[in-house]
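Quick caveat, the model's predicted, so the values are computed rather than measured. Every heavy atom of this structure was used, including side-chain atoms; hydrogens, water molecules and symmetry mates were not. Chain letters run A, B, ... following the sequence lines, proteins first and then strands; every chain starts at 1.
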2 protein chains.
Amino acid sequence: MRPTVHDIAAKAGVSLATVDRVLNNRPGVRSITRDKVERAIATLGYVRDVAAANLAKGRNYPFVFILPAGDNSFMRGLEGEVSDAMARSASERTQITILPVPAFDAQALVQALSEAHQRRPAGVAVVAVDAPEVAEAVKQLRGDGIAVVTLVSDLPGSGRDHFAGVDNIAAGRTAGTLMGRFTGGRGGPIAVLAGSMLVRDHRDRLEGFSAVMAEEFPARPLLPVIEGQDDPVLVEKLVHALIEREPDLAGIYSLGAGNRGLVAALEKTGKSTTICTIAHELTPHSRAALRSGTIDAVLNQDAGHEVRSAIRVLKAKADGLAVIEAQERIRIDIFLKDNLPLEQA
Amino acid sequence: MRPTVHDIAAKAGVSLATVDRVLNNRPGVRSITRDKVERAIATLGYVRDVAAANLAKGRNYPFVFILPAGDNSFMRGLEGEVSDAMARSASERTQITILPVPAFDAQALVQALSEAHQRRPAGVAVVAVDAPEVAEAVKQLRGDGIAVVTLVSDLPGSGRDHFAGVDNIAAGRTAGTLMGRFTGGRGGPIAVLAGSMLVRDHRDRLEGFSAVMAEEFPARPLLPVIEGQDDPVLVEKLVHALIEREPDLAGIYSLGAGNRGLVAALEKTGKSTTICTIAHELTPHSRAALRSGTIDAVLNQDAGHEVRSAIRVLKAKADGLAVIEAQERIRIDIFLKDNLPLEQA
DNA sequence: ACATTTTTGATTTACGTACATCAAAAATTC
DNA sequence: GAATTTTTGATGTACGTAAATCAAAAATGT
């Protein structure tokens with residue numbers, strides 16, 4: 001059996017109360033006694049039973065998740081994962097509140113952060129918009145001892161405790177290597193379709209993609225970036241025009257969300273198989289397009305992993321514990337039609 | 001606050017003892033009373049505090065992990081993950097024992113399963129060897145109410161409760177698509193390097209790879225399979241001979257373990273950049289080769305995920321609970337040099 | 001209506017830890 | 001060496017559930 005506080009008390013020749021004082025570093029223990037107890041802890045290999053401790057403490061973790069509203073499939077999937085986490089709240093002693101905000105709206109986000117602040121949670125997870133006033137709001141939360149984790153989109157310089165998301169430069173580089181190699185057998189330029197260059201993750205992906213294309217495939221021309229605002233209608237129009245303008249187009253890298261317009265344009269022009277298409281985020285739409293061959297590869301960040309990681313980190317930070325950064329790193333998944341995971345319920 | 005057993009008792013107008021009888025379906029409760037209690041549970045939305053229950057029960061889960069011995073990097077990594085899980089035993093209430101067996105030795109595995117049986121654990125996880133006597137040994141464990149999960153390599157027809165590993169046919173297909181597309185710009189045949197066709201996962205990978213090559217890239221010739229027994233020296237000799245014999249070789253798919261010989265042969269012949277190489281399992285060796293460009297892509301199964309999933313499933317089965325199969329599905333990771341996760345300590 | 005069986009209630013102890021209180025002992029100060 | 005402060009011990013309660021015991025009540029059979 002694993003040792004308990006009683007065993008430590010017996011081993012160290014002190015009372016239970018003293019062991020408790022040492023374990024929870026309460027005052028009023030001589031350093032000699034403290035040493036005795038700590039030696040007993042070490043030799044017996046005692047580790048506190050966290051479950052029992054939490055039960056006794058009645059500890060719970062009120063968290064607020066601030067997520068963009070709208071019909072972005074990825075974000076809705078993310079929200080679904082947070083809901084799943086809420087369903088697990090009972091056993092994880094968390095109390096999660098979701099606060100929706102308009103997408104890409106720094107001012108609304110600042111207000112949401114302030115509302116979250118008023119609730120006095122132990123931690124806040126937020127899909128950040130890259131703006132100085134948002135960073136300022138995050139700083140205020142941190143100043144009040146509230147842990148803050150950025151989710152999916154980071155906010156460097158805000159003093160956030162952690163970023164639960166992928167390395168988007170690496171994601172862009174991965175897309176670049178795949179694009180270069182998949183289109184190796186033919187000529188023609190590559191187009192890049194973004195949502196908006198005002199969003200940090202899109203900028204990072206472009207940076208990585210461009211770098212690899214320049215380094216490894218210098219012969220292949222890169223067309224100027226097209227910004228589709230993640231709007232299906234606008235994207236379809238732009239991609240349609242692009243395909244007509246560039247009959248020899250070899251590939252399209254879509255680094256933003258809203259792939260519906262892209263897929264529609266490709267399928268309507270009958271170019272879906274000849275143009276190599278690489279997109280981001282596995283959603284019902286991109287999954288279908290991958291299966292049909294319209295999209296050739298999808299890079300994905302696992303929203304479930306991100307949410308669970310964010311919660312783990314928030315808990316640790318709320319308790320003042322260290323986080324093993326390497327363990328919380330979110331991987332970039334590559335999906336081809338052959339390794340698609342089964343659709344979940 | 002979430003409701004407790006006391007709240008149910010009050011709501012249902014019965015005593016605590018009766019609530020306990022219903023919750024743990026002990027005998028001696030009229031169906032009318034049982035209904036009252038169950039309605040109270042439903043309306044209050046009571047969920048048992050698993051931590052408190054486990055504390056009260058003093059529940060723990062003795063498990064045995066049977067792993068192949070030898071210097072296979074992947075298997076050593078797997079063992080490391082099991083060790084990590086042992087370190088977490090305290091908080092997870094598990095007691096894990098590792099039983100090493102000689103690799104690919106059905107007889108030794110049967111003996112190990114029998115030894116595991118004698119320990120009367122709540123569950124056993126085993127890297128299976130595909131042989132009828134092994135299946136028989138697994139059946140005996142199951143017959144005694146011991147949960148069995150196959151790890152990495154499955155054993156269909158043994159009645160095992162679950163398989164914690166990847167779909168190797170899909171993995172082979174994924175490799176096929178990558179190979180076909182990566183070598184799209186040039187001619188030449190493709191070679192397949194296996195460990196042994198006696199092992200199930202190798203057979204499955206070959207099946208998937210061959211199928212995709214035949215379906216999608218029928219023009220590309222496939223050379224007869226080379227079996228290197230996962231032995232670095234033999235593999236290097238065979239690959240060296242292969243490269244000399246086939247000067248126009250476009251790609252090599254290495255679907256087994258022991259990539260050291262492969263990498264050595266490629267680098268010594270100076271063909272490392274011209275031959276597209278796809279291998280399995282991310283180990284220090286394959287990672288280095290990926291980084292240097294000798295290997296172009298690595299398909300990986302996350303050993304940590306597999307071990308943690310196996311433990312979750314064993315726990316659930318030991319408690320007679322259902323498993324959400326979709327949630328325990330292990331993904332096939334694709335790594336290029338651009339999306340390599342950082343090396344862990 | 002009585003005996004018998006079944007069902008229910010009341011109460012207690014336990015799991016391992018947290019936390020509070022009060023008294024006792026030891027160390028410190030003057 | 002007495003007064004004071006600091007340190008330690010003893011003890012109890014709590015968290016939410018499990019599990020046991022024994023008595024009381026209700027249902028059942030005859």
Side-chain angles (χ1 to χ4, degrees), chain A residues 1-41 44-61 89-95 318-321, chain B residues 1-41 44-61 89-95 318-321:
Chain A
M1 286 302 278
R2 51 189 283 217
T4 72
V5 280
H6 295 84
D7 300 321
I8 301 175
K11 179 86 179 179
V14 300
S15 78
L16 222 57
T18 302
V19 173
D20 178 70
R21 290 181 183 113
V22 173
L23 277 176
N24 300 291
N25 39 222
R26 291 184 232 280
V29 185
R30 274 188 305 171
S31 55
I32 310 139
T33 318
R34 187 173 292 273
D35 283 356
K36 271 199 298 187
V37 174
E38 272 162 359
R39 262 200 308 279
I41 290 175
L44 290 181
Y46 169 83
V47 273
R48 171 198 253 110
D49 184 326
V50 189
N54 283 340
L55 177 61
K57 274 193 287 211
R59 180 80 163 107
N60 64 354
Y61 303 86
S89 275
S91 52
E92 301 186 347
R93 314 195 96 83
T94 54
Q95 285 171 225
D319 288 340
L321 302 176
Chain B
M1 286 302 279
R2 50 189 282 217
T4 73
V5 280
H6 296 84
D7 300 320
I8 300 175
K11 178 85 179 180
V14 300
S15 77
L16 221 57
T18 301
V19 173
D20 178 70
R21 289 181 185 113
V22 172
L23 277 175
N24 300 288
N25 39 221
R26 291 184 233 281
V29 185
R30 275 187 304 169
S31 53
I32 308 141
T33 317
R34 187 174 292 273
D35 282 355
K36 270 200 298 187
V37 174
E38 272 162 0
R39 261 200 308 279
I41 291 175
L44 290 181
Y46 168 83
V47 273
R48 171 199 251 109
D49 183 327
V50 188
N54 282 340
L55 177 61
K57 274 194 288 211
R59 179 80 161 112
N60 64 355
Y61 303 85
S89 275
S91 52
E92 301 187 347
R93 314 195 98 83
T94 55
Q95 284 169 228
D319 288 340
L321 302 176

Calculate, to the nearest 0.5 Å, the distance between atoms CZ and CG belonging to B:R39 and B:D35 respectively.
6.0 Å
Give, ordered by number, those residues of residues 6-22 of chain B having at least one heavy-atom distance below 4.0 Å to an atom of DNA chain C; if nothing qualifies, reply none.
B:G13, B:V14, B:S15, B:A17, B:T18, B:R21
Would you say that A:D319 contacts A:R59 through its side chain, given a criterion of any heavy-atom pair below 4.5 Å between the two side chains?
yes
Do B:V19 and B:K11 come within less than 4.5 Å of each other through their side chains, counting heavy atoms only?
no
Residue pair B:A12 / B:V37: nearest heavy atoms and the distance that separates them:
CB-CA, 4.0 Å
Determine whether B:N25 and B:R34 make a side-chain contact, defined as any pair of heavy atoms from C-beta on separated by less than 4.5 Å.
yes
Between residues 51-60 of chain B and DNA chain C, which residues have a heavy-atom gap below 4.0 Å?
B:L55, B:A56
Is any side-chain nitrogen or oxygen of B:R26 closer than 4.0 Å to OP1 or OP2 of D:dA18?
no
Starting at CD1 of B:I32 and ending at C1' of D:dA26, how long is that distance when rounded to a whole Å?
11 Å
side-chain N/O A:R30 vs C:dA27 OP1/OP2, d < 4.0 Å
yes
Separation of A:N25 atom CG from C:dC19 atom P, in whole Å?
11 Å
Would you check if A:R93 and B:D49 make a side-chain contact, meaning some heavy-atom pair closer than 4.5 Å?
yes
With a 4.5 Å cut-off on side-chain heavy atoms, are A:V22 and A:K36 touching?
no
Shortest non-hydrogen separation from B:P3 to B:Y46 and the atoms involved
O-CD1, 3.3 Å
Nearest-Å distance for atom pair NZ/P, residues A:K36 and C:dA26
12 Å
